[in-house]
Amino acid sequence: MNPITIPLKQHQIQVDLYGDFSDLSKTVLLMAHGLGGEKQCGLDEFALFYQALGLNVCVFDHRGFGQSTGSVKCLVDKTSQLEDWETVIQYLNQNLKIPTSQMILWGYSFSGGHVLTLAAQQNFKAIISNFPHVDGLASLTLYPKKYLLGATLCAMQDLALARIGKVKTMPVVAKDRFAILAGEDCYEGYHSIIPDDVQWDNAVPARIVAMIGLYRPTATAHHIQSPTFVLGATQDSLIPIKATRKLEKKLKYGQYLEINCGHFDLFHHPFQDQILQAHKAFLATLP
């Protein structure tokens with residue numbers, strides 16, 4: 001693994017490269033974590049698997065997470081995170097001479113929505129979207145109603161404080177479920193993917209609660225021209241499986257797999273083994 005830093009205006013994006021990037025004939029798989037996640041929380045095992053298949057792999061942290069810097073720590077914002085993806089794609093293209101036709105975008109949860117959004121704007125070799133955020137309005141229907149007003153008030157406070165450079169945070173996950181991710185399995189599920197030696201910051205600016213309903217990758221999915229693999233979890237406490245199925249029907253060149261598991265089982269056996277083999281089979285279909 002070779003760590004590098006990509007400058008972005010006042011920020012820096014921390015990237016790990018797996019493989020031989022001097023070999024311009026190799027396909028590059030580009031991946032980042034979901035909402036509140038860092039690359040050291042479970043992505044290494046995936047990266048090593050794809051590298052063993054003969055791919056080069058590029059793993060990065062969104063600004064404000066991990067070792068990537070940002071003006072607002074741990075800000076979850078689809079616009080800035082999409083800009084991070086575009087910056088890394090541009091770096092691979094301009095500095096390492098890798099065309100987008102040799103790039104596969106890999107996302108999970110919130111970043112699963114990012115790769116679908118990017119694919120609706122330009123073509124890539126392929127897209128792998130795992131338990132993706134597909135429709136913010138649909139996801140809000142799963143949020144505990146007893147906490148929705150309180151979470152919205154926190155979000156409004158955060159948006160007001162942002163004008164003077166301050167932040168109101170909420171936990172990513174919490175035992176009592178008053179958090180950004182409020183599914184019944186989220187507290188234990190999220191902590192299950194954090195290594196013992198990683199100091200994870202369980203707090204993000206609350207404004208995402210007010211904004212997430214407006215992020216609907218499903219609305220542009222019909223524009224995707226790249227081969228796309230979508231993975232759905234029937235027991236997902238954050239992403240309604242009906243919304244994922246609806247998105248899948250819009251894909252012109254899509255492959256879809258449903259697994260009877262929860263949102264965090266992507267990182268746990270035996271589900272991870274099944275998922276990796278499904279990814280391998282999809283990759284084998286690509287030219």
Side-chain angles (χ1 to χ4, degrees), residues 31-47 49 59 61-62 65-66 74 76 78 81 106-115 128-136 138-148 150-151 154 169-206 208-209 212 215 230-245 257-276 278-279:
M31 58 193 305
H33 222 301
L35 193 154
E38 302 175 7
K39 54 183 169 59
Q40 56 189 335
C41 297
L43 294 190
D44 183 68
E45 189 170 352
F46 283 89
F49 177 84
V59 188
D61 278 328
H62 297 111
F65 289 91
C74 297
V76 180
K78 64 107 172 175
Q81 290 191 352
W106 184 106
Y108 161 66
S109 194
F110 204 54
S111 70
H114 296 340
V115 300
I128 297 177
S129 185
N130 305 287
F131 309 157
H133 171 93
V134 296
D135 186 341
S139 291
L140 284 175
T141 64
L142 296 182
Y143 198 87
K145 291 181 174 57
K146 65 178 179 178
Y147 290 141
L148 188 56
C154 284
T169 65
M170 280 182 62
V172 178
V173 292
K175 285 186 177 180
D176 66 359
R177 297 176 61 192
F178 182 69
I180 303 298
L181 304 182
E184 291 184 358
D185 60 342
C186 286
Y187 182 80
E188 291 186 0
Y190 216 117
H191 282 281
S192 72
I193 69 174
I194 302 169
D196 293 337
D197 59 346
V198 171
Q199 195 72 25
W200 177 63
D201 193 351
N202 184 20
V204 298
I208 184 59
V209 174
I212 199 166
Y215 190 26
V230 174
L231 184 67
T234 58
Q235 304 303 314
D236 202 313
S237 66
L238 298 172
I239 314 295
I241 192 62
K242 289 182 179 180
T244 309
R245 292 169 181 165
L257 175 66
E258 270 185 18
I259 297 182
N260 186 27
C261 68
H263 192 75
F264 299 93
D265 287 326
L266 182 81
F267 301 96
H268 299 302
H269 304 288
F271 303 107
Q272 187 182 67
D273 301 320
Q274 181 182 354
I275 291 165
L276 287 173
H279 288 175

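Along the sequence shown, residues are numbered consecutively beginning with 1. Every heavy atom of this structure was used, including side-chain atoms; hydrogens, water molecules and symmetry mates were not.
- Contact annotation: the side chain of I239 approaches that of S139 to within less than 4.5 Å [non-hydrogen atoms, C-beta and beyond].
- F264 is listed as a side-chain neighbour of Y108, based on a closest heavy-atom distance under 4.5 Å.
- The aromatic rings of Y187 and H191 are tilted relative to each other, their planes meeting at an angle between 30° and 60°.
- Scanning for ring-ring contact (aromatic ring centres under 6.0 Å, His included) contacts around H268 gives an empty result, with sequence neighbours left out.
- The shortest side-chain heavy-atom distance between Q272 and F49 does not fall under the 4.5 Å cut-off.
- Two residues are said to be in side-chain contact when any heavy atoms from C-beta on lie closer than 4.5 Å; H114 and H62 meet this criterion.
- Listed here is the closest heavy atom pair of C41 and V198: SG-CG1, 4.4 Å.
- Nearest heavy-atom pair, F110 versus I208, reported as atom, atom and distance to 0.1 Å: CZ-CD1, 4.2 Å.
- Here the side chains of Y143 and L238 are not in contact, with every heavy-atom distance at 4.5 Å or above.
- When all heavy atoms are compared, the tightest approach of V172 to A203 is CG2-N, 4.0 Å.
- For the pair V115 and I128, the tightest heavy-atom approach, listed with the atom from each and the gap, is CG2-O, 4.0 Å.
- Less than 6.0 angstrom separates the ring centroid of F267 from the ring centroid of F46.
- In this structure, H133 and Y215 have parallel ring planes: the angle between them is below the 30° cut-off, well short of the 60° mark.
- The minimum heavy-atom distance between N130 and H279, with the atom names listed, is OD1-NE2, 2.8 Å.
- Under a 4.0 Å N-O distance rule, the pair E188/K175 does not qualify as a salt bridge.
- The shortest distance between side-chain heavy atoms of I193 and H33 falls below 4.5 Å.
- Note: M31 CE to S111 OG = 8.5 Å, rounded to the nearest 0.5 Å.
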Under 3.5 Å, sequence neighbours excluded: what are the donor-acceptor pairs made by side chains of residues 177-186?
| from | atom 1 | to | atom 2 | distance (Å) |
| --- | --- | --- | --- | --- |
| R177 | NE | A182 | O | 2.7 |
| R177 | NH2 | A182 | O | 3.0 |
| D185 | OD1 | S237 | OG | 2.5 |

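- When all heavy atoms of I275 and F131 are compared, the closest pair comes out as CD1-CZ, 4.2 Å.
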